[in-house]
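FYI, side chains are in, hydrogens and waters are out, and symmetry mates aren't considered; it's all heavy atoms of this structure. Positions are given from 1, in the same order as the sequence printed here.
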Amino acid sequence: MKSDHEAPDAAQPELAGLTAEPPADFAVRVLRRVGVPRETYDTYVRLDTAVGGLFVAASPEAVTGAALDTGGLTATAFEELHRARTGRSALRSARPFPGVATAVRTGRARRLHIDLSPYGSVERAVLEAVRAVPVGQLRPVGWIAQEARTAPEAVVGALAQNPAAVLIPCHRVTYDNGTPCDAAHLPGVGDALRATEGIDLRRMAELHRRGVVFLGSDTTRIYCHPTCAHARRITPPHQVPFRTAREAGLAGYRACKSCRPVTV
């Protein structure tokens with residue numbers, strides 16, 4: 001005999017269903033059903049990366065923000081952060097903005113549309129210059145400043161405001177002395193991101209200890225940043241180290257048209 005407090009067997013499956021987690025895009029479905037225009041809010045997903053989860057928000061036209069959860073950032077906290085930064089609500093979704101998953105997986109986000117309109121012209125120029133640094137390569141602050149046509153002092157401040165962590169690869173920027181400029185990351189995160197791209201930090205540290213800023217090839221007579229794809233193909237017997245672009249020029253070497261090395 002069943003107790004008076006025990007639910008009937010027939011009702012148990014229905015009650016169990018009430019405790020199930022709603023689908024990831026439940027709120028989006030509700031808004032769509034009641035006719036709220038998609039243009040009035042952003043959606044976001046959480047994607048896995050080598051250093052933890054990455055929340056990525058987007059409007060129908062562009063990525064509007066991204067943040068790593070390495071510092072304990074929760075979904076609710078990301079929603080609040082996104083609203084404070086953009087003035088727009090971000091609702092959980094099951095589908096990422098087109099191209100985001102591939103960009104996160106490959107590290108190649110240069111073609112991804114990222115909305116930088118809330119920022120000033122200097123900040124936008126700096127962040128766009130950072131986006132131009134290829135995966136697996138590093139560029140110094142001075143190089144970013146030249147590409148953005150601004151003062152080096154403005155670069156670090158713009159990097160610290162990076163609205164799209166990982167997708168705008170600030171981990172590929174170093175100070176002019178070769179040490180990483182991780183203004184937008186917690187300690188250790190930048191190193192982990194660089195390691196996933198195959199950047200040999202020990203080698204870079206050794207080069208800078210020796211005062212080597214550029215590497216030339218005695219066969220092509222071209223010099224590059226050490227992490228440039230062309231520099232990585234120079235075998236040790238043919239590597240020629242240089243401290244400055246002027247030194248390389250006086251030796252008869254031409255600057256790589258790909259990485260565009262400059263003395264900083």
Side-chain angles (χ1 to χ4, degrees), residues 49 51-52 54-56 63-71 73 78 81-82 84-86 103 107-110 112 114-197 199-205 207-209 211-214 224-228 243-245 259-264:
T49 75
V51 297
L54 179 70
F55 293 107
V56 184
V63 169
T64 52
L68 286 163
D69 66 6
T70 48
L73 185 71
F78 174 72
L81 176 68
H82 186 76
R85 189 177 61 79
T86 66
R108 294 174 172 84
R110 184 69 180 92
L112 194 64
I114 299 177
D115 182 14
L116 297 178
S117 61
Y119 296 88
S121 58
V122 172
E123 289 80 8
R124 289 199 304 271
V126 168
L127 294 172
E128 288 293 355
V130 173
R131 295 187 70 192
V133 181
V135 63
Q137 299 189 32
L138 301 174
R139 296 290 186 273
V141 164
W143 185 93
I144 300 295
Q146 176 169 288
E147 292 289 303
R149 298 185 179 183
T150 188
E153 295 75 19
V155 173
V156 177
L159 298 185
Q161 299 182 57
N162 184 2
V166 179
L167 300 176
I168 299 178
C170 291
H171 58 280
R172 298 176 193 161
V173 181
T174 70
Y175 288 107
D176 293 341
N177 64 4
T179 59
C181 176
D182 288 333
H185 295 302
L186 292 172
V189 173
D191 282 349
L193 288 169
R194 287 181 285 273
T196 65
E197 297 184 8
I199 297 174
D200 189 341
L201 295 178
R202 290 185 179 180
R203 175 175 177 267
M204 293 303 301
L207 288 174
H208 282 281
R209 186 188 68 78
V212 177
V213 177
F214 305 119
C224 308
H225 289 284
T227 57
C228 175
R243 294 175 181 269
T244 66
C259 70
R260 302 182 297 283
V262 294
T263 296
V264 294

Quick one: list whatever passes side chain to side chain contact (heavy atoms under 4.5 Å, CB included) with [X], sequence neighbours left out.
{"X": "Ala145", "result": "Pro152, Val155"}
{"X": "Thr64", "result": "Asp42, Ala57, Ser59, His82, Asp115"}
{"X": "Val166", "result": "Leu54, Leu68, Leu193"}

Heavy-atom closest contact ([X] atom, [Y] atom, distance):
{"X": "Leu207", "Y": "Pro226", "result": "CD1-CB, 3.7 Å"}
{"X": "Asp182", "Y": "Gly190", "result": "OD2-CA, 3.7 Å"}
{"X": "Val135", "Y": "Gly107", "result": "CB-O, 4.0 Å"}
{"X": "Leu167", "Y": "Ala103", "result": "CD2-CB, 4.2 Å"}
{"X": "Val173", "Y": "Pro140", "result": "CG1-C, 4.5 Å"}
{"X": "Phe214", "Y": "Pro261", "result": "CE2-CB, 3.4 Å"}

Between Val130 and Ile144, is there a side-chain heavy-atom distance shorter than 4.5 Å?
yes

Contact between Tyr175 and Val156 at the side-chain level, heavy atoms closer than 4.5 Å - yes or no?
yes

If you round to the nearest 0.5 Å, how far is CG of Leu127 from CD1 of Ile114?
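That separation rounds to 9.0 Å.
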
Got a sec, which residues hit salt bridge (Lys or Arg N to Asp or Glu O under 4.0 Å) with Asp69, two or more places apart in sequence or on another chain?
Arg46

Give the C-alpha distance, both sets of side-chain angles, the deciding distance and a yes or no for side chain to side chain contact (heavy atoms under 4.5 Å, CB included) between Val126 and Leu159.
CA-CA 8 Å; Val126 168; Leu159 298 185; 4.1 Å; yes

Does anything in [range] form a salt bridge (charged side-chain N to carboxylate O under 4.0 Å, His left out)? List the pairs, not counting sequence neighbours.
{"range": "residues 184-193", "answer": "Asp191-Arg194"}
{"range": "residues 138-156", "answer": "Glu147-Arg260"}
{"range": "residues 129-138", "answer": "Glu128-Arg131"}

Going by side-chain hydrogen bond (donor to acceptor under 3.5 Å, both in side chains), name the residues that satisfy it together with [X], two or more places apart in sequence or in a different chain.
{"X": "Ser121", "result": "none"}
{"X": "Asp200", "result": "none"}
{"X": "Thr196", "result": "none"}
{"X": "Arg202", "result": "none"}

Pair listing, side-chain hydrogen bond (donor to acceptor under 3.5 Å, both in side chains) test, anchored in residues 156-172, at least two apart
His171-Glu197, Arg172-Glu197

Working note: Met204 + Thr227, criterion side chain to side chain contact (heavy atoms under 4.5 Å, CB included); need CA distance, chi angles, decisive distance, verdict.
CA-CA 8 Å; Met204 293 303 301; Thr227 57; 3.6 Å; yes

Take Val133 and Leu138 through the test side chain to side chain contact (heavy atoms under 4.5 Å, CB included) and record every step on the way to the result.
CA-CA 7 Å; Val133 181; Leu138 301 174; over 6 Å; no

Got more than 12 heavy atoms from elsewhere within 6.0 Å of CZ, Arg110?
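Yes, the 6.0 Å shell around CZ holds more than 12 heavy atoms from other groups.
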
